[in-house]
Engineer: 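Have a look at this one.
Residue numbers run from 1 in the order of the sequence given. Both counts, for ligands and for their atoms, begin at 1 and track the order of listing.
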Amino acid sequence: MRHTFTLANGVEIPAVGFGTYKAADNQDEAVISEAIRQGYRHLDTAAFYFNEEAVGKAVRESGIPREEFFITSKVWRDNLGYESTYREFEASLQKLGTDYLDLYLMHWPRPVDMNAEWKDLDAETWKALEELYRAGKIRAIGVSNFLPHHLNNLMDRTGIVPLVNQLEFHPGYIQKAAVDFSQRLGIQVEAWSPIGRARVLKEPLLLELADKYQVSQAQICVRFALQCGVLPLPKSSSPERMRQNLDVFDFTIEDDDMHRLMTLPQIGWSGEHPDRERVPVDE
Ligand code: A2P
């Protein structure tokens, strides 16, 4: 298996990225620096994570050239719209201390206010993203948490297919309809919470497969995403587990085990759904 994915526009992305959301409370920069030391070059942040400054600082202080990193950020759901997207994009660049992004995503298809006119807002936001892309300020543009009807709205109004769709994806919550729909359109799917925020690690099937393949349950989750053609963005605060989550290229999950993982009953859902209020779940 290759260690990169190639987007429909030819841009290559390291196949495992580091998720920086709540990487470690108040210690973002140290955690991100550690992730870089452990080998991560693909860093996934967002305006809403309030850690873009820490990501930028860790990148600069690594001494590794900017071009060797793949940096993603996202425009928050309450800042959708043409002008606010331009503003938010510039703010992200400034916080990250860079003059371009590798990938910029619409974080959610709707504002927190579920009654808002999301269809127009999405199309206006996308127009700004497209212009920034054409101007060479972003190497790839995409969306996050978009279900097929959200993607259809965007494509109906703008005619442009996003390059990436980042979704919650892990054993027990694989969002098959959204993943299949995206992949059929040539959209690269990325997985947020590929380990189900550790909620799924005690699942007996994961324990069984970890034992069978002599890896950890988390490595099964990361490898599972890769074998589904989905780019995992695991988070961890420990150097050992960061390294472990990158060390997933010398074993293969057999087809039948993949099928068993794909057909698990729902477990580990975050409680987030783009068209619903957040449902509280036990962490
Ligand atoms: P920790 O920071 O202590 O490593 P996700 O990326 O799916 O949201 O999952 C993140 C959670 O999974 C964090 O709580 C993290 O805890 C835990 N985690 C990450 N990698 C591993 C691993 N290799 N083994 C066990 N737990 C892990």
Side-chain angles (χ1 to χ4, degrees), residues 13-46 48-51 54-55 58 72 74 105 107-108 144-145 165-175 179 189-228 230-251 253 261-262 264 266-273 278-283:
I13 316 188
V16 180
F18 187 69
T20 68
Y21 183 48
K22 292 187 183 166
D25 290 341
N26 305 320
Q27 294 180 40
D28 283 330
E29 197 193 313
V31 169
I32 294 157
S33 293
E34 186 61 44
I36 294 171
R37 267 195 295 281
Q38 295 305 330
Y40 289 88
R41 293 295 176 269
H42 174 177
L43 306 174
D44 183 86
T45 182
F48 183 73
Y49 301 170
F50 301 102
N51 64 7
V55 170
T72 301
K74 316 185 188 83
L105 307 177
H107 206 144
W108 290 88
S144 181
N145 302 301
N165 188 11
Q166 186 180 122
L167 299 166
E168 178 176 357
F169 177 96
H170 50 77
Y173 196 70
I174 63 168
Q175 304 213 63
V179 169
V189 177
E190 295 183 341
W192 64 262
S193 262
I195 308 169
R197 290 212 187 118
R199 285 184 292 267
V200 305
L201 297 181
K202 293 194 184 77
E203 155 62 38
L205 176 59
L206 284 176
L207 289 164
E208 178 196 321
L209 297 182
D211 185 51
K212 173 172 172 180
Y213 294 97
Q214 289 294 294
V215 294
S216 70
Q217 298 93 296
Q219 285 171 306
I220 294 286
C221 292
V222 173
R223 180 73 199 185
F224 170 69
L226 290 170
Q227 287 186 220
C228 289
V230 171
L231 190 159
L233 300 166
K235 305 189 270 296
S236 181
S237 51
S238 115
E240 152 66 20
R241 292 191 287 278
M242 288 172 183
R243 198 166 46 245
Q244 205 188 83
N245 297 344
L246 277 180
D247 182 17
V248 290
F249 293 97
D250 54 13
F251 72 103
I253 304 172
L261 288 166
M262 280 187 244
L264 272 177
Q266 180 170 309
I267 48 170
W269 178 46
S270 66
E272 305 263 15
H273 185 286
R278 189 176 200 281
V279 176
V281 292
D282 293 338
E283 285 297 324

Engineer: Of all the atoms in ligand 1, which lie at a distance below 4.0 Å from a heavy atom belonging to Ala218?
Structural biologist: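 Those of ligand 1 that fall under 4.0 Å from Ala218 are 21 (C), 22 (C), 23 (N), 24 (N).
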Engineer: Would one find an N or O of Gly196, backbone or side chain, under 3.5 Å from an N or O of ligand 1?
Structural biologist: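 Yes, at least one N or O pair falls under 3.5 Å.
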Engineer: Tell me every residue that passes salt bridge (charged side-chain N to carboxylate O under 4.0 Å, His left out) with Glu34, counting only those two or more places apart in sequence or in another chain.
Structural biologist: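 Arg37.
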Engineer: Checking side-chain contact (heavy atoms from CB on, under 4.5 Å) for the pair Ser193/Tyr173: CA distance, chi angles, key distance, verdict?
Structural biologist: CA-CA 10 Å; Ser193 262; Tyr173 196 70; over 6 Å; no
Engineer: My understanding is that only one of Phe169, Tyr213, Phe251 makes a ring pair (Phe, Tyr, Trp, His ring centres under 6.0 Å) with Phe224; could you say which?
Structural biologist: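 Filter result, single survivor: Phe169.
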Engineer: Using side-chain contact (heavy atoms from CB on, under 4.5 Å), reason through Leu226 and Val16 one step at a time and then give a plain yes or no.
Structural biologist: CA-CA 8 Å; Leu226 290 170; Val16 180; 4.2 Å; yes
Engineer: Looking at non-hydrogen atoms alone, which of Asn245, Val200, Leu201 comes nearest to atom 20 (N) of ligand 1?
Structural biologist: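 It is Asn245 that holds the nearest heavy atom.
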Engineer: Heavy-atom distances under 4.0 Å are what count here, so tell me which part of Gln244 touches ligand 1: side chain, backbone, both or neither.
Structural biologist: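 Gln244 to ligand 1: side-chain contact only, backbone stays beyond 4.0 Å.
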Engineer: Is there a side-chain contact between Tyr40 and Asn245, using heavy atoms and a 4.5 Å cut-off?
Structural biologist: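 Side chain of Tyr40 against side chain of Asn245, heavy atoms only: contact under 4.5 Å found.
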Engineer: I need the single residue from Thr45, Thr72, Asp44, Ile36 that forms a side-chain contact (heavy atoms from CB on, under 4.5 Å) with Val55. Which is it?
Structural biologist: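 Output: one option passes, namely Thr45.
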Engineer: Atom CD of Gln175 and atom NE2 of His170: how far apart are they, to the nearest 0.5 Å?
Structural biologist: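 Gln175 CD to His170 NE2: 8.5 Å, rounded to 0.5 Å.
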Engineer: Does Gly19 have a non-hydrogen atom less than 4.0 Å from ligand 1?
Structural biologist: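 Contact absent.
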Engineer: Check ligand 1 against Pro194 and write out every atom of the ligand that is under 4.0 Å from a heavy-atom position of the residue.
Structural biologist: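 Answer for ligand 1: 6 (O), 7 (O).
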Engineer: Need the ligand 1 atom indices (1-based, order shown) with element for anything under 4.0 Å from a heavy-atom of Ser237.
Structural biologist: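 By the 4.0 Å cutoff, the relevant atoms are 1 (P), 2 (O), 3 (O), 4 (O).
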Engineer: Would you mind running through ligand 1 and noting each atom that sits below 4.0 Å from a heavy atom of Pro234?
Structural biologist: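 The list of qualifying atoms is 6 (O).
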Engineer: With only distance considered, is Lys235 within less than 3.5 Å of ligand 1 through an N or O on each side?
Structural biologist: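 For ligand 1, there is an N or O atom that lies under 3.5 Å from one belonging to Lys235.
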Engineer: If hydrogens are left out, which of Glu240, Arg241, Glu168, Gln217 has an atom nearest to atom 1 (P) of ligand 1, that is, the closest non-hydrogen atom?
Structural biologist: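 Considering heavy atoms of Glu240, Arg241, Glu168, Gln217, the nearest to atom 1 (P) of ligand 1 sits in Arg241.
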